[in-house]
Amino acid sequence: MASTSNQSLKDLQWLFQSIQTESLNLKSISFHLSQPTSCCHQETQDSIHINISSDSHFQFSKILTLLSTSSKQNLLQNVEFYQVEWQMEEMTSLEVLLDGSENVKQLAFKSNRLNADCMGKLSKMLRKNESIKEIILSESRIGSFGATLIASALKVNSCLEELQIWEDSIGSKGAEELSKMIEANSTLKLLTIFDSNSITATPLISAVLARNRSMEVHLWSSERNRNNSSKIVEFAPESQTLRIYRLSTSGACRVAGALGWNTTVKSLDLTGVRLKSRWAKEFRWVLEQNRSLREVNLSKTCLKDKGVVYVAAGLFKNRCLESLRVDDNRFGGIGVEHLLCPLTRFSTLQIQANVTLKSITFGGRRTKIGRDGLIAILQMINTNQSVTRLGIYEDQSLKPQDIIRIFKNLERNASLKCLSLQGCKGVDGDLVLKTIMETLQVNPWIEEIDLARTPLQNSGKAEGIHLKLGQNAKSEPEVEVDLLKDMPMTVPKSCRVFICGEDFAGKTTLCNSISQNFSSSKLPYIEHVKTLVNPVEQAIRTSGMKVKTFKDEDTKFSIWNLGGQHEFFSLHDLMFPNHGSASCFVIVSSLFHKPNNKEPKTPLELEEELQYWLRFIVSNSRTSSQQCMILPNVTMVLTHYDKVDQLTDIQNTMNVLQRLRDKFQGYVDFYPTVFTVDARSSASVSKLTHHIRKTSKTVLEKVPKVYELCNDLIKILSDWRSENHEKPSMKWKEFNDLCQIRVPSLRVQSRNNQMIKKMETRRKAIAMCLHRIGEVIYFEELGFLILDFQWFCGEVIGQIVRKLSCNEQNYGGFVSRKDFEKILKGSLHSQIPGMGSRIFENLDASDLVKMMIKLELCYKQDPYEEESLLLIPSLLEESRTRTPKWELITSDCVFVGRHLECHDSSHMFLTPGFFPRLQVHLHNKIIGLKSHHGATYSLEKSLILININGVHIRVELGGQLGYYLDVLACSTKNLTETLKLFRELIYPAIQSLCNGVTLTENILRPECVKNLTPPRHRKTQFVPLAKLKQALLSVPADGMYDYQHTWTPVFDSGRQVVRAGFDFARDLLSDDDFREVLHRRYHDLYDLAMELQVPTENNSDEPIHDETGKIDPSFAGIAKGVEEVIHRLKIIEQEIRDLKQEIQGLRYYEHRLLTELHRKVNYLANFNVQIEERKVPNMFYFVRTENYSRRLVTNMISGMTALRLHMLCEFKGEMHVVEDQMGCEMMQIDNRAVMSVAPYMKGFMKLLTFALKIGAHIAAGMGEMIPDLSKEVAHLAGNPLMLGAAGAAATAGAFGAVGAAVAGRSRGRSTNVQQDMKAAQQWVVDFLRERGCSTGKDIAEKFGLWRVRYRDDGQIAWVCRRHMYTRANEIVEVPL
């Protein structure tokens, strides 16, 4: 025995020597005491296993001491102790070792014995240690005392990450102390406790949850059977899942309390834990307060009705839970009813309490759903818009008919994607299968139906269901197609009749009489109710608007009685037809001022009244008529005609009507008969009723077709209103449900994105079509449709106008949103007895406010503040402020003004609703700008004031009926930048609202803008922009830069208020406008250069030879000057800055082209001098007299009469019209004249076009005789007459080879050109001879021309008297 012991000691001695000689690099050491022998075994190069026998226990302390003194102790990382009975000396050595070893990470005590002193020493070591990451205490009997000491140490320890205590009964006290440690310690990452009593779990997990510790927790217990341990609680922070396997009721309540403010748990699983209502009451608070919990599983928890009621109550305020399972519990129908209550809406005005829960599962063999539960399920399916998964498991109470009702209600649900009926006994029978298939046909959004363990599945009949689900999920190839192309079109079946007129005209009485002429049997019940109050309506003025609807066979008539009070005029645009909708108009006018007044209206008053409505109709119908090419149909009705006594008054009235017919002919389609009726008598109105019926059907045939579905939906929407208490509006979801169920062609049949997008596009297109034809009011952004125009325009808007116009709280058009909604709520009550408030349960006052804002009837003062004041421009009053002036004028300010006037102000105007909507539209547009910061915006009745980016803008509405707008600006920016702001901000807003009215842009005099001259004094102080541009184009290049526009003075009562003056065109036009003028001039010069074939600069000085014998001269290519013109065009595109430099270049090329032009004209004048030796002038033209004015004839047609032949003065380079020339009358144009003269006229028109474009002297004197020659030349070029034998020539006679060059340089045409020129000149000679005008005296008398010869070249010309005297040294008279 002694030798064996010595050998063991040797082994330990070797260990001592190795430690002392530092030959070992140990990272891991394990001590095993109470072993039979003492020895050491080196397992790896850096780990060693040391066995120490009971009688060598003293060696354990020595080894610890040697290790603590070794210089390699810092390599040590893991230290384990097995079966060690610790003494203070050994614990002190361990303390020294740990203090010197900074890299020890793990410390394990397994089956150790630690007395109180040693536990205290260990606690002290842990307090100050900063390296140990993991401590394991297993079967070391530390008890609650040891756990307390460990907990106190870890409260201050900031490095330990893992704590494991295995099979040490720490008790409830130790657990409580550890829970306090958890509250203080934030570094611990893993806590594993295996205890004999499960009570230890509650305080530990509660502390982890309450302090939101991201700590992995595993709590085990072997309380029931020490041989079979089980897990109590598990928390995995990575998945944020808390699983509780077994806990007492009080423990579960404590855990629930800790979950209230917890943010680390997303999934809570309590499956199998027996819970009571006391826990459910605590959990209600958790659901109300917690913001992180996403999934809760309460399956098999024995919850009864009371417990479920508490859970349901928590769902009302919960905003984060997404999945809840309460299946296999013991509640019944009452529990189901309460559970689904927060997921259900019981009124369309009610907001669903919980919208975050996506999945809910209940049922089970012990759950009795019953009748109450079934009703709750059906209501939830009908109204819920958030739940995507519904599970009803193992139910035995629902019958097949109950399952059928569930699937029937699923037809309207678009949110549920998965329905699970696992094990439900009621899922059985062919009728259930049929219902499921029908539901899937209507509802394609269901992705999964789980019928596992149901009789239907067990019988093998559910295969068709899965096949249909697969078809609904099938995706179609994405092909770019027109989604609306295959929707059939048809004639509309709904027509609107607008009754227009002033107040007290008898419109309401007339409407009532018309309604009585329709068959009463065809009137809906609602119309019968309204008819009962007709006598009351007859005694009261109509406020706002009234609409009556009638049916005649398959045609629907809507009679719209527009309110005649002036305060409602600004709202008439809202209900006016657009985009070619079927409508006709009846203008009603009383011949007397009031029904009880015997004072008749004067013809002037009657004319003004009727003219307003005609202009209103034309202004609003212009867009429609342009698109569908039909004129608005207008019928005139005169009331109180029976009171007219004198025949003179009747005749005056007829004269007024005839004048209006003549004036608006071509703008409206007047019915020939003027109806004179007694509005109170149905018999008197019968003919008018028949006319309305007949005219409406005629209009329906003419207007553009609508989608066939629109006619179907009109009937479907009417039926929907009848079924829903005549609701005046519907949510977009209700419209979608209606389309899905009742309109197969608008039904989504597959849930793939392309199909859903296609059907959504179609539904919106149908809704917009219904909006355009006046059946609904729909805007995509608002999410609802107004179905009742009368209610919206009459009740809602009418009440707003009436109440706010007399409301003292209306501060300058502003009204608080609270007051506004209060007025709107007054309109949300049924005016029909017995209907109740359910009519408007799907509409809220805030929805109406949004509609008003969308219609641009008002806007929020602060768009970012929900309760901001609302401004209603139509309530603004006229300003009573003093004379307006600009806020700040500096020396560098630029004053810009534009006068936008109706192109045809005698027939159209800016309607009363235009400017209030412009005020809102501009405000919204400015707020939407990214650069609007600092912008100010204020309004008055007919004025908009804007200050944006240093530009002060005034937009003023002017004219008696608003036929013009003045846009004035005082700007710190230059003219071009200011006008750019006009054209990018102001003009588009105006154009978007003025329907078919065309506005012409005029330039206001800057001085009037600067002084803010009153509108009445600046009526003549503007010039049309197009006219000024044309004036610049008509002057030579020398005068373009310094061209001046002269302003006339303005006098008021003999006093001069605006003096005469002038402004340079360059100061009135922006750089862009001036460049446009230059651009057009360059193009004109380029075209002329192409026509004239300008020679190159190298040949420009060569002598010009006589071209008499050369009918089609040829030049080599385009001249260098033309190339320079093209170069100049490129410079213009690159933003020309120096206008003077460009004009100088323009002058050079213009001079060369004018020289060539005059050379060609001179050649034309002297062409073929052999014909009668130039005994008659060659340059002639024709004039026709129309309405005391002369117009140039540009096209010759056989049979034309009342023409006069005129001659031009032919002096070289200065050809012009001779003033006061008598000319020679032509009685009629025959075929010979056309054949001979037409080709010449075509060339002459082209010559005049070019001459006018470059300001050549050749067109001087033509003035207003010249029409738009560019159109005339195009007309002549395409005239079939010109393509005959006489019309094959182009303009080469006038321009040499010009016509041939443009047409492709065809050489074969020169012969025809020569013949045409000879034919035209010979025709003139013959014609004058026939008229007895063949002598020089006769020609001088009729044409004011004398025959002369040039002294330099001897050519003959016919010149005027002025040239005879001023150029006497250049010519000599050669009389005949």
Side-chain angles (χ1 to χ4, degrees), residues 342-356 378-388 409-416 442-445 709-710 712-743 746-748 756-757 759-771 774-793 795-796 821 824-825 827-830 835-855:
L343 306 174
T344 307
R345 289 184 300 119
F346 299 93
S347 165
T348 51
L349 283 181
Q350 178 187 351
I351 299 175
Q352 183 178 313
N354 187 299
V355 295
T356 57
L378 297 178
Q379 183 69 17
M380 190 273 288
I381 292 175
N382 267 335
T383 61
N384 184 274
Q385 300 177 10
S386 60
V387 174
T388 59
N409 281 266
L410 271 177
E411 292 181 355
R412 299 175 179 270
N413 189 296
S415 61
L416 196 68
V442 175
N443 186 340
W445 291 279
L709 288 174
C710 288
D712 300 336
L713 268 171
I714 291 173
K715 177 65 170 59
I716 293 173
L717 289 173
S718 177
D719 295 341
W720 183 87
R721 291 194 65 194
S722 301
E723 297 166 3
N724 291 272
H725 312 285
E726 295 297 331
K727 292 180 181 178
S729 67
M730 72 187 311
K731 296 284 187 181
W732 180 249
K733 182 184 181 300
E734 294 175 318
F735 182 78
N736 276 335
D737 293 342
L738 195 66
C739 293
Q740 188 70 21
I741 296 172
R742 299 193 186 181
V743 189
L746 291 180
R747 182 178 294 162
V748 177
I756 295 173
K757 178 183 177 182
M759 282 303 139
E760 185 72 8
T761 302
R762 287 190 170 192
R763 291 172 181 177
K764 290 177 181 178
I766 294 297
M768 285 305 303
C769 186
L770 291 171
H771 173 86
E775 289 297 328
V776 302
I777 301 178
Y778 165 70
F779 293 102
E780 182 178 344
E781 300 89 343
L782 300 182
F784 63 90
L785 298 86
I786 298 294
L787 306 180
D788 191 335
F789 267 90
Q790 174 173 330
W791 166 77
F792 181 73
C793 296
E795 298 297 331
V796 178
E821 291 187 355
L824 291 175
K825 286 178 181 178
S827 65
L828 294 178
H829 295 286
S830 175
M835 290 298 183
S837 60
R838 290 191 64 188
I839 294 179
F840 305 100
E841 65 179 6
N842 64 341
L843 198 65
D844 189 61
S846 62
D847 292 330
L848 293 177
V849 173
K850 294 176 183 177
M851 175 66 81
M852 298 280 289
I853 293 174
K854 180 61 183 177
L855 290 172

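Quantities reported herein were computed from a predicted structural model and do not represent experimental measurements.
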task = Using atom types as modelled and distance alone, determine if a side-chain donor or acceptor of Asn724 lies under 3.5 Å from a backbone N or O of Glu726.
result = no
ask   = Is a donor on one side and an acceptor on the other found under 3.5 Å between the side chain of Asn443 and the backbone of Asn413?
value = yes
ask   = Quick one: salt bridge (charged side-chain N to carboxylate O under 4.0 Å, His left out) partners of Asp737, sequence neighbours excluded?
value = Lys733
message = For Leu785 versus Lys731, what's the shortest heavy-atom pair and its separation?
response = CD1-O, 4.5 Å
inquiry  = Quick check: do Glu734 and Phe784 have side-chain heavy atoms less than 4.5 Å from each other?
reply    = no
request  = Drop me the distance from Cys710's SG to Ile716's CD1, to the nearest 0.5 angstrom.
outcome  = 11.0 Å
ask   = To the nearest 0.5 Å, what is the distance between CH2 (Trp445) and CG (Leu416)?
value = 12.5 Å
query = Where is the tightest heavy-atom contact between Trp720 and Arg742, given as atom of each residue plus distance?
reply = N-NH1, 4.3 Å
ask   = Do Gln352 and Thr344 come close enough that some side-chain heavy atom pair is under 4.5 Å?
value = no
query = Distance from Leu717 atom CG to Asp788 atom CG, nearest 0.5 Å?
reply = 12.5 Å
task = Check each of Asp712, Ile766, Leu713 against Val743 using the side chain to side chain contact (heavy atoms under 4.5 Å, CB included) test, and report the only one that passes.
result = Leu713
request  = Give the minimum heavy-atom separation between Arg412 and Ile741, together with the two atoms involved.
outcome  = CG-CD1, 3.2 Å
remark   = Interatomic distance, CZ@Arg762 vs SG@Cys739, rounded to 0.5 Å, equals 12.0 Å
task = Compare every heavy atom of Pro444 with every heavy atom of Gln740, then report the nearest pair and how far apart it is.
result = NE2-CD, 3.4 Å
ask   = Hey, mind stepping through Arg345 and Ile351 against side-chain contact (heavy atoms from CB on, under 4.5 Å) and telling me if it holds?
value = CA-CA 7 Å; Arg345 289 184 300 119; Ile351 299 175; 5.9 Å; no
request  = Identify the two heavy atoms, one from Val442 and one from Glu411, that lie closest to each other, and give their separation to 0.1 Å.
outcome  = CG1-O, 4.0 Å
query = How far does OG of Ser729 sit from CZ of Arg721, to the nearest 0.5 angstrom?
reply = 9.0 Å
request  = Could you tell me which non-hydrogen atom of Asn384 sits nearest to which non-hydrogen atom of Ser386, and how far apart they are?
outcome  = OD1-N, 2.8 Å
request  = Measure the spacing between OG1 of Thr383 and CG of Leu378 and express it to the nearest 0.5 Å.
outcome  = 10.5 Å
key: Residue that, paired with Met730, satisfies side chain to side chain contact (heavy atoms under 4.5 Å, CB included) out of Ile786, Val776, Leu787   = Leu787
message = Is it the case that the side chain of Thr761 and the backbone of Lys757 share a donor-acceptor pair, with hydrogens and angles ignored and the cut-off at 3.5 Å?
response = yes
request  = Taking the side chain as every heavy atom from C-beta outward, state whether Asn736 and Arg763 have any pair of such atoms under 4.5 Å apart.
outcome  = yes
inquiry  = The test is side-chain contact (heavy atoms from CB on, under 4.5 Å); show your working for Gln385 and Val355 and say whether it passes.
reply    = CA-CA 8 Å; Gln385 300 177 10; Val355 295; over 6 Å; no
